[in-house]
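What follows is a set of notes on a single structure, which appears directly below.
Numbering of ligands and ligand atoms starts at 1, following listing order. Bear in mind the structure is a predicted one, so any value in this text is a computation, not a measurement. Heads up: numbering here begins at 1 and tracks the sequence.
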Amino acid sequence: MAAAKMLDDIDEKFCQCCVCFEQYKKPRQLQCLHRYCTECLEKMIDTNPHDFKCPLCQEKIDVPNNGVEGFKSDFYMNEILDYIKVKKSLKEDQSLTCGDCSKQTKSSAYCFKCIGFLCEDCHTYHLSRKSLQEHRPHILSLEDIEAKNITLEKLSILKEAPRCQTHPQNQSQLCCKSCANRPICLTCTYGEHRNHEMYDVTELAKSEREKLKRQLKALDEWKDRVYETLSQIKKTKDEIFTNAANYLDESTEKYNETKSSLESSQRNIQRKIKVEEQTVTRKLEENVRHTDMEMARDIEQIRKKYEKIKSNHHTDATKKSNALKTRSKQAQADANAKRKQLALELQKVRTEIESEKREKLLNWKKFSSKINSTVRKFENVTNTAENVLSSQDDWTAAHNIEVICQATEPLIQEMKRDYSSVAKLAIYVGKQQEKGHLCSTEATVVHIDGIKAAGLYINSVACTWNGRIVISGGTSDKKNYISLMDKTGIIVSSKLGTHFNSILFSPGCYCALVNRLKIAVACQEDGIALFGISDGSYLNKHLGDFIRGWSRSKLRVACIATDSVSNSIILGIYNNRNLYVLDESLNNKHTIRLQAIKRGQPI
Ligand SMILES: [Zn+2]
Ligand SMILES: [Zn+2]
Ligand SMILES: [Zn+2]
Ligand SMILES: [Zn+2]
Ligand SMILES: [Zn+2]
Ligand SMILES: [Zn+2]
């Protein structure tokens, strides 16, 4: 608890209504713990009779059934205002008329029971007369005001109990718990509050203070977490920016790397083409020289024949040279297209980062405004609670703590809110999927996307003894195929099957190399075949010929492997424990039956 507050230390602004910008007049406290003048509240209710937004915190405030009277009088603020009033009168000399004898002499005290200043004579009289004994605890010496050492605690002892609202001639003696802890007089206990739950103010104040302290303790448990989140959210904003910049840097670097590797491979191609071109020219010169020599030996006899040969060499060289030029142009065009595509991809990444950043900042704003509003509420509740507790006035405690406790419950729920995703806010995921990379080979550049564009999908791949590649799978128009291509991806030979469901091929055919000449191809439905690498020949058999009880609906080929030593082919089948071993002519040499494996038994 803070040290006792000197009333003279209280800031003037603290006592100012933020609707009329004047000192509070009959202040009342709302559910959000903000306070306004009764008159200002009445104006707000006039325009919004059911509910309105608190001008300070924008919280929705429901108007009580009995209107402005339903909002609690702010006893705490009233005490401070009373003190300010006395102090102000003291400053303005003319108000210092003695309230007792109306003499215009220097006053020396203020009586909170008479609500007026006392001259020195009346002050002494007040202190000595037995009939005025009741006034004694309520006399404030003006010396104390001048010394500026009045605390709220002292003031609450000086002040009288509040007046009963129903019987303003009476002082309140009890608090009615059934009527929101309203102070009432003894007369009330026979009237409208008959049979209500009534408490002695000291007793009620004590239990209300205990209740508030418990609530504050509950709030305190969540305090660190909320402030941590607040600092986390501030940090997150910076991270959103730095991570975006890093992400863009990485993408740019990757782009530059790919671009430079493309350019160096392009330079290689051009250099090789140039060398080949020089070779062609040199060869042409040699040929011409050689022909000239021969021509010289037998000019007259066969001149015409050699002339013709010479011209053939020229034509041939021109053709080759033209072909090389076309290749050079093509390679240049490929490289340009790829460079353009790369730049487009980088642009796309950049746009995505930007939009992700915008989205993150939006979410950040939401989080930030939530946590800031929670912190503002927390500070408002704890400050108000500390003020009320420090006042020591039983009437304030009994009457006003209830509202503070009501504000605490939802606040605790708010403080418990899950903020774990704040930390993840600054992480960039990126929507751009990794694309197939460019690969450069000796002769040209192969782009895997290009094969897809030709309408093929690859299901199985194998390699021949001389480095050629075998692929098998399906085409986009639902035909099976097996293709042999060179290292650069150019198809050398191909066999296209009929539509799916045929015996020859079916979706998901598997291939494996048998020897230098043959590739075994198996399809899931019913076929097993040998594909000739050099001649494109094709020999096929039905699996049903040697697998007993073969049924297309129940059994399917699962995998295929070859043994290059014995040139045999091994087939694995779904829903079947056998391995079928075939020879080079697709005859079933023998079958290996695997032992049954029981569930849970180690293999
Ligand atoms: Zn006001
Ligand atoms: Zn408010
Ligand atoms: Zn007097
Ligand atoms: Zn008096
Ligand atoms: Zn009363
Ligand atoms: Zn009552």
Side-chain angles (χ1 to χ4, degrees), residues 12-30 34-47 52 54-56 61 68-69 71 73-74 77-78 80-82 84 86 89 96-103 107-142 157-196 198-199 201 395 399:
E12 248 178 64
K13 274 225 170 97
F14 184 65
C15 308
Q16 200 180 63
C17 166
C18 77
V19 171
C20 61
F21 297 106
E22 281 171 28
Q23 204 172 66
Y24 288 115
K25 291 175 288 291
K26 294 191 197 157
R28 288 179 189 272
Q29 203 162 27
L30 305 184
H34 289 127
R35 38 173 81 89
Y36 301 98
C37 312
T38 302
E39 208 176 290
C40 291
L41 280 171
E42 272 166 350
K43 278 180 198 158
M44 286 191 247
I45 295 174
D46 274 351
T47 32
F52 59 89
C54 166
L56 275 173
I61 305 292
V68 78
E69 293 294 322
F71 294 120
S73 291
D74 191 346
M77 184 51 72
N78 274 332
I80 299 174
L81 292 175
D82 281 346
I84 292 175
V86 173
S89 310
L96 281 176
T97 317
C98 172
D100 236 20
C101 64
S102 305
K103 254 191 262 165
S107 297
S108 70
Y110 184 86
C111 176
F112 277 97
K113 203 160 173 74
C114 305
I115 313 182
F117 289 96
L118 300 173
C119 69
E120 218 158 316
D121 291 345
C122 296
H123 186 190
T124 322
Y125 187 72
H126 246 68
L127 294 175
S128 57
R129 292 297 291 220
K130 206 165 184 189
S131 62
L132 290 171
Q133 202 174 11
E134 278 183 12
H135 290 232
R136 262 173 235 163
H138 304 293
I139 296 170
L140 170 62
S141 144
L142 296 190
I157 297 165
L158 284 166
K159 277 196 65 185
E160 282 196 291
R163 298 274 161 177
C164 171
Q165 272 180 31
T166 324
H167 313 96
Q169 73 276 14
N170 295 342
Q171 258 169 23
S172 300
Q173 270 140 323
L174 290 167
C175 273
C176 179
K177 196 157 190 183
S178 314
C179 300
N181 296 348
R182 203 169 116 188
I184 55 168
C185 72
L186 285 177
T187 316
C188 282
T189 60
Y190 306 108
E192 55 174 304
H193 296 274
R194 183 196 291 270
N195 296 332
H196 282 187
M198 281 167 291
Y199 283 91
V201 65
W395 291 102
H399 186 69

To check your reading of the site, what angle at the Zn ion (ligand 5) do SG of C188 and SG of C185 form, to 10°? 120°
Output field for angle at the Zn ion (ligand 1), C37.SG vs C20.SG, rounded to 10°, should show 110°
To the nearest 10 degrees, how large is the angle at the Zn ion (ligand 1) between C17 SG and C40 SG? 110°
Quick one: the NE2 of H126, the Zn ion (ligand 4), ND1 of H135 angle, rounded to 10°, please. 100°
Do the side chain of [X] and the main chain of [Y] share a donor and acceptor less than 3.5 angstrom apart?
| X | Y | value |
| --- | --- | --- |
| R163 | Q169 | yes |
| H138 | C111 | no |
| R35 | Q29 | no |

H167: its N/O/S atom lying closest to the Zn ion (ligand 5) (atom name): ND1
Tell me whether C18 has at least one N, O or S atom under 2.8 Å from the Zn ion (ligand 1). no
Just do the side-chain hydrogen bond (donor to acceptor under 3.5 Å, both in side chains) check on S73 and N78 with the steps written out, would you? CA-CA 8 Å; S73 291; N78 274 332; 5.3 Å; no
For a side-chain hydrogen bond (donor to acceptor under 3.5 Å, both in side chains) with T38, tell me which candidate from K25, R28, K26, E69 qualifies. R28
With side-chain hydrogen bond (donor to acceptor under 3.5 Å, both in side chains) as the criterion, how do H123 and S108 come out once you've worked through the C-alpha distance, each side chain's angles and the decisive distance to 0.1 Å? CA-CA 7 Å; H123 186 190; S108 70; 2.9 Å; yes
So, 2.8 Å as the limit: is an N/O/S atom of C111 located closer than that to the Zn ion (ligand 4)? yes
